[in-house]
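Worksheet: one structure, shown below.
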Amino acid sequence: MAVEKKSLNFIEAIIEEYLEEKGEGAKIHTRFPPEPNGYLHIGHAKSICLNFGLAEQYNGLCNLRFDDTNPAKEEQEYVDSIKEDIKWLGFMWDNECFTSDYFQQLYDWAVQMIKDGTAYVDDQSPAEIAEQKKTPTEPGIKSPYRDRSVEENLDLFERMKNGEFPDGSKVLRAKIDMSSPNMHMRDPIMYRILRKAHHRTADNWCIYPMYDYAHGESDYIEGITHSICTLEFEVHRPLYNWFLEQIKDGEYAPVQREFARLNLSYTIMSKRKLLQLVNERHVAGWDDPRMPTISGMRRRGYTPAAIRKFADTIGVAKRENVIDVALLEHHVREDLNKITPRMMVVTDPVKIILTNYPEGITEKVYADNNPEDESAGKREMTFSRELYIERSDFMEDAPKKYFRLSLGNEVRLKHGYIIKAESVVKDENGDITEIHCSYDADSKSGSGTEASKRRVKGTLHWVSAEVALPVEIRYYDRLFTDEAPDGHKDKDFLDFINEHSLEVSHKALAEPALKDAKPEDKFQFQRIGYFCVDKDSTPEHLVFNRTLTLRDTWAKMQKKK
RNA sequence: UGUCCCAUGGUGUAAUGGUAACACACCGGUUUUUGGUGCCGUUAUUCAAGGUUCGAGUCCUUGUGGGACAACCA
């Protein structure tokens with residue numbers, strides 16, 4: 001049998017080359033290194049799927065490492081949510097690591113670098129240092145403190161650690177090249193003084209390492225082989241390598257590779273802006289179902305399988321990209337279509353009365369739980385003389401392409417009978433309050449009669465008035481009305497917030513089978529969309545979030561006119 | 001007037017010097033007791049110019065366009 005060779009993305013190609021070169025027994029080791037200063041979003045999900053996925057695929061290891069070198073922004077709350085989100089996506093890390101666990105080793109290496117003459121203490125202010133760095137197009141100039149003696153540097157750095165100097169008064173810098181065309185090589189800062197309680201090391205330290213110094217060395221400590229990050233760190237790579245050169249002992253060193261971060265249409269991904277949405281109450285929190293956070297998508301009803309398939313489909317490359325959010329939605333619908341039980345919920349009810357149906361009785365009808373999955377079985381529904389259907393499923397005078405109920409025309413009530421609309425009752429405003437219909441008593445679904453096999457154009461969902469269950473529905477839609485909310489120079493992303501991204505309704509009536517639904521349970525409300533039970537839901541007051549609508553070609557036809 | 005990266009249908013991703021393909025979106029058809037799903041089909045792609053080669057989306061040169069880099073953030 002011919003085995004189709006799956007094409008590799010450039011990271012996989014690098015890994016296969018590595019594995020081949022290292023030979024028998026070689027293992028790759030990746031890491032996912034979030035800073036615990038916010039909630040994970042769909043962009044992180046891409047990185048998670050990449051790093052954990054690669055480890056899985058090549059039988060390697062993947063660490064979770066919290067890059068917690070800035071206590072000013074980091075909190076335990078974020079650590080917890082990050083772990084929860086990764087697990088929810090279906091991944092498990094081999095080691096749980098914290099950069100803060102390496103503070104002592106990092107300090108020792110810094111001391112070593114001072115001894116080697118490759119690091120020095122600078123007493124200048126941030127403004128002075130920035131001034132001397134100059135711009136990318138002109139070389140920087142050297143700090144007056146650059147040539148301090150090793151002894152003095154050692155003494156000063158130790159006293160920095162001991163808390164003898166105020167915050168911001170001194171930094172430790174790497175001594176590299178102030179005239180490098182790469183700004184990051186112009187004597188980057190390795191340590192700053194910062195008196196801020198750290199979420200793990202409390203007040204043990206008042207100096208904290210900077211990202212560029214800490215990251216590569218942490219990779220080194222953990223034995224990471226492939227340090228995969230996003231494109232903006234590409235310019236940092238020479239520095240990443242430089243720091244490793246200073247401390248490595250032997251052949252091994254991790255290798256940094258960069259890929260293009262995910263951008264999604266109609267979405268913002270910036271942590272700062274997401275935080276702003278939360279802080280300014282444009283959304284209800286990090287897990288608001290309109291947020292592109294993993295917790296938001298979970299609450300919205302998206303599934304791990306859909307997100308992972310999506311990550312797989314979009315691929316990994318170095319080109320700047322904007323993925324159509326419709327692709328994500330496609331994968332969510334695809335998964336939900338397979339797994340969700342079908343239920344009948346009338347979102348905007350109008351009553352129908354079957355005038356020739358016997359009064360005072362009800363009967364059972366049987367409904368497939370999922371036509372895509374026979375093993376999902378059937379459930380019982382109550383059929384009765386008075387029922388509710390969707391207000392939009394009736395028109396007195398219907399256009400020719402309208403397949404639903406109209407005066408004098410027939411439709412099938414799904415899993416029930418064929419009915420014909422005879423007359424309407426209206427209130428003083430002219431709004432329809434009741435539709436009187438006749439039903440074809442021989443047409444019961446599944447009864448096998450000639451009448452039951454009759455084909456009518458329309459099939460409607462319904463609930464029996466006797467047992468209908470009032471529920472709350474939260475209709476979520478895209479948060480932004482613009483494809484690129486933060487892509488406009490003259491406009492703020494907040495200008496594009498969709499006023500209708502959340503509409504709450506208490507009108508809906510559900511079939512009673514829904515009464516035991518628990519938070520995160522997912523359903524397809526037949527002919528309407530996919531819904532999931534919100535965490536605000538209680539047995540007395542069910543709350544459903546609309547995950548996505550069904551594709552609706554009728555609505556599309558209407559729109560075109 | 002620096003360094004680095006990138007350039008394939010509308011959006012993404014493949015093609016690893018040998019017939020430019022797949023997914024989504026779009027449009028059309030078909031099936032259907034969900035105007036859902038499924039199935040079939042249409043439209044549409046190598047930034048430009050040179051060069052190397054029997055042969056270039058792929059290699060080279062130049063240009064053009066886009067992006068990253070000047071936090072005591074990561």
Side-chain angles (χ1 to χ4, degrees), chain A residues 6-9 13 33-35 37 67-70 72-74 122 125-126 129-130 133-140 167-173 180-186 189-194 207-208 210-212 214-215 229-238 258 260 265 271-272 313-331 333-334 337-338 342 344 367-368 371-372 401-404 411-416 418 445-446 452-461 483 524-530 549-557:
Chain A
K6 204 196 161 235
S7 65
L8 305 176
N9 65 48
E35 182 188 12
N37 70 342
D67 211 347
D68 54 353
T69 57
N70 183 9
K73 290 184 180 172
E74 296 150 7
D122 195 330
S125 70
I129 291 175
K133 277 197 181 173
K134 299 293 179 186
T135 61
T137 51
E138 64 183 318
D167 284 13
S169 61
K170 287 182 168 45
V171 289
L172 183 72
R173 289 229 253 168
S180 170
N182 183 335
M183 293 298 287
H184 298 281
M185 300 300 271
R186 323 248 265 223
I189 292 169
M190 294 170 64
Y191 272 93
R192 74 283 211 186
I193 305 173
L194 186 60
I207 57 170
Y208 291 95
M210 301 287 291
Y211 167 86
D212 283 305
H215 201 91
C229 60
T230 45
L231 244 31
E232 69 268 28
F233 293 102
E234 202 158 30
V235 205
H236 296 237
R237 193 150 99 199
E258 312 83 10
S265 62
K271 266 194 199 177
R272 204 200 86 234
T313 307
I314 59 177
V316 178
K318 297 189 72 161
R319 176 163 33 155
E320 295 286 337
N321 61 81
V322 182
I323 308 284
D324 192 342
V325 71
L327 181 61
L328 209 211
E329 294 172 347
H330 162 78
H331 286 293
R333 287 196 180 94
E334 183 180 63
N337 177 56
K338 268 191 315 221
R342 271 55 171 174
M344 294 211 216
D368 298 320
E372 307 292 318
K401 291 278 211 166
Y402 188 80
F403 299 162
R404 309 174 185 184
V411 293
R412 174 174 293 280
L413 295 179
K414 192 168 174 74
H415 307 306
I418 292 171
S445 289
S452 74
K453 293 175 187 160
R454 279 170 52 208
R455 302 185 51 172
V456 290
K457 274 187 307 190
T459 301
L460 308 186
H461 62 282
E483 273 184 53
Q524 184 195 100
F525 292 175
Q526 207 122 74
R527 299 210 303 136
I528 305 288
Y530 297 100
T549 61
L550 251 30
R551 283 186 59 210
D552 189 346
T553 47
W554 169 248
K556 200 181 270 182
M557 282 164 66

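To find a chain, count down the sequence lines: A is the first, B the second, and so on, and within it residues start at 1. What you see is a predicted model, and the numbers here were worked out from it, not measured in a lab.
- Using modelled atom types, no side-chain atom of A:Arg333 and backbone atom of A:Asn337 make a donor-acceptor pair closer than 3.5 Å.
- To the nearest angstrom, P of B:G2 lies 14 Å from CZ of A:Arg186.
- In the set B:C24, B:G36, B:G2, the nucleotide with an atom closest to the side chain of A:Arg342 is B:G36.
- For a distance-only test at 3.5 Å, the side chain of A:Thr459 fails to qualify as a donor-acceptor partner of the base of B:U34.
- Relative to the side chain of A:Ala317, the nucleotides B:C27, B:A14, B:U11 differ in distance, and B:A14 lies closest.
- The side chain of A:His415 contributes no N or O atom lying less than 4.0 Å from OP1 or OP2 of B:U33.
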Worksheet entry | Bracket notation of RNA chain B in which parentheses pair within the strand, [ ] cross earlier pairs, and | pairs with another strand (Watson-Crick or G-U, under 3.5 Å) | .((((((..((((....[..))))..((((.......)))).....(((((..]....))))))))))).....
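- A:Val316 comes within 4.0 angstrom of sugar-phosphate atoms only, judged by non-hydrogen atoms across all strands, and of no base.
- Across all their heavy atoms, A:His415 and A:Ala367 have their closest contact at CD2-CB, 3.2 Å.
- We find that OH of A:Tyr211 is positioned 14 Å from C1' of B:A71, with the value rounded to whole Å.
- Look at CG on A:Asp368: it is 14 Å from C1' on B:G36, rounded to the nearest Å.
- Residue contacts shown for A:Thr69 are limited to sugar-phosphate atoms, with no base heavy atom under 4.0 Å away.
- Close to B:U37, at under 4.0 Å from its OP1 or OP2, lies a side-chain N or O of A:Arg551.
- Residue A:Gln524 is classed as a base contact, given a heavy-atom separation below 4.0 Å to a base.
- Contact check, A:Arg272 against B:A71: no side-chain N or O comes under 4.0 Å of OP1 or OP2.
- Using atom C1' as the reference point in both B:U11 and B:U53, the two lie 34 Å apart (nearest Å).
- Rounding to the nearest 0.5 angstrom, the gap separating the OH atom in A:Tyr211 from the CE atom in A:Met190 is 15.0 Å.
- Between A:Thr553 and B:G36, a side-chain N or O to OP1/OP2 separation shorter than 4.0 Å is present.
- Each of A:Ala13 and A:Tyr402 lies near RNA chain B, and the nucleotide nearest A:Ala13 is the one positioned closer to the 5' end.
- Heavy atoms of A:Glu232 sit under 4.0 angstrom from primed sugar atoms or phosphate atoms, though from no base atom.
- Put simply, the side chain of A:Arg404 and the base of B:G35 share a donor and an acceptor less than 3.5 Å apart.
- Nearest to the side-chain atoms of A:Asn321 among the listed nucleotides B:C6, B:C24, B:G12 stands B:G12.
- With centroids closer than 5.5 Å and planes inclined by less than 30 degrees as the test, A:Trp554 and the base of B:G35 pass as a stacked pair.
- Here the side chain of A:Leu550 is nearest to one of B:G36, B:U16, B:C73, namely B:G36.
- Closest approach to the A:Asn70 side chain among B:U37, B:A74, B:U33 is made by B:A74 (side chain taken as heavy atoms from C-beta onward).
- When the C1' atom of B:C73 is taken as reference, atom CD1 of A:Ile129 falls 15 Å away, rounded to whole Å.
- Across all their heavy atoms, A:Val456 and A:Val411 have their closest contact at CG2-C, 3.9 Å.
- Here the P atom of nucleotide B:A71 and the CZ atom of A:Phe233 are 15 Å apart, to the nearest Å.
- Across B:C72 and B:A14, the matching C1' atoms stand 45 Å from one another, rounded to whole Å.
- Taking every side-chain heavy atom of A:Leu327 into account, B:A23 is the closest of B:C72, B:A23, B:U1.
- With B:G36, B:C5, B:A14 as the choices, the nucleotide that has an atom nearest any side-chain atom of A:Glu234 turns out to be B:C5.
- Atom CZ in A:Arg173 sits roughly 9 Å away from atom P in B:C72 (whole-Å rounding).
- What you find for A:Tyr402 and A:Lys457 is that their closest heavy atoms are O-NZ, 4.3 Å.
- The nucleotide whose nearest atom lies closest to any side-chain atom of A:Thr137 is, among B:C73, B:G35, B:G2, B:G2.
- Nearest nucleotide to the A:Met183 side chain, out of B:G35, B:G67, B:A70: B:A70.
- At a threshold of 4.0 angstrom between heavy atoms, the contacts of A:Lys414 include nucleobase atoms, whether or not backbone atoms are also involved.
- Residue contacts for A:Asp212: at a heavy-atom cut-off of 4.0 Å it reaches no nucleic acid atom on any strand shown.
- Residues that satisfy the salt bridge (Lys or Arg N to Asp or Glu O under 4.0 Å) test with A:Arg173, not counting sequence neighbours, are A:Asp122.
- Evaluation of the side-chain hydrogen bond (donor to acceptor under 3.5 Å, both in side chains) rule for A:Thr137 yields A:Thr135 as partners, not counting sequence neighbours.
- The A:His184 side chain lies nearest to B:C69 when the options are B:U37, B:G35, B:C69.
- In terms of heavy atoms, A:Ala214 sits closest to A:Thr69 at CB-CG2, 4.0 Å.
- For the OP1/OP2 pair of B:U32 and a distance below 4.0 Å, the side-chain nitrogens and oxygens of A:Arg455 include at least one atom meeting the criterion.
- A gap of 7 Å separates the P atoms of B:G10 and B:U45, to the nearest Å.
- Atoms CH2 and CZ, from A:Trp554 and A:Arg527 in turn, are 11.5 Å apart once rounded to the nearest 0.5 Å.
- Distance check on atom P: B:A44 versus B:A20 gives 15 Å, rounded to whole Å.
- A:His215 comes within 4.0 angstrom of no nucleic acid atom, judged by non-hydrogen atoms across all strands.
- A donor N or O paired with an acceptor N or O is not found under 3.5 Å between the base of B:G38 and the side-chain atoms of A:Glu334.
- A:Leu231 places its CG atom 11 Å from the P atom of B:C5, with the value rounded to the nearest Å.
- At distances below 3.5 Å, at least one donor-acceptor pair connects side-chain atoms of A:Arg186 with backbone N or O atoms of A:Ser180.
- Counting any heavy atom pair closer than 4.0 Å across all strands shown, A:Glu320 reaches sugar-phosphate atoms only and no base atom.
- Counting non-hydrogen atoms under 4.0 angstrom, A:Gly140 reaches nothing in the nucleic acid.
- Nucleic acid contact class of A:Val171 (heavy atoms, under 4.0 Å, all strands): base.
- Judged by distance alone, with hydrogens and angles left aside, the side-chain atoms of A:Asp324 form no donor-acceptor pair with the main-chain N or O of A:Ser265 at under 3.5 Å.
- Two residues, A:Ser452 and A:Pro181, neighbour RNA chain B, and the one matched to the more 5' nucleotide by heavy-atom proximity is A:Pro181.
- Taking 4.0 angstrom as the limit, A:Arg192 places a side-chain polar atom (N or O) nearer than this to OP1 or OP2 of B:C73.
- Spacing of P atoms, B:G12 relative to B:A68, comes out at 16 Å, to the nearest Å.
- Counting distance only, with no hydrogens placed and no angle test, the side-chain atoms of A:Arg412 and the base atoms of B:U33 include a donor-acceptor pair under 3.5 Å.
- Within 3.5 Å, no donor on the side chain of A:Glu138 pairs with an acceptor on the base of B:U1, nor the reverse.
- Summarising the geometry, the separation between NZ on A:Lys556 and C1' on B:G29 is reported as 14 Å, rounded to the nearest angstrom.
- The structure places CG of A:Asp67 at 5.5 Å from NE2 of A:His215, a figure rounded to the nearest 0.5 Å.
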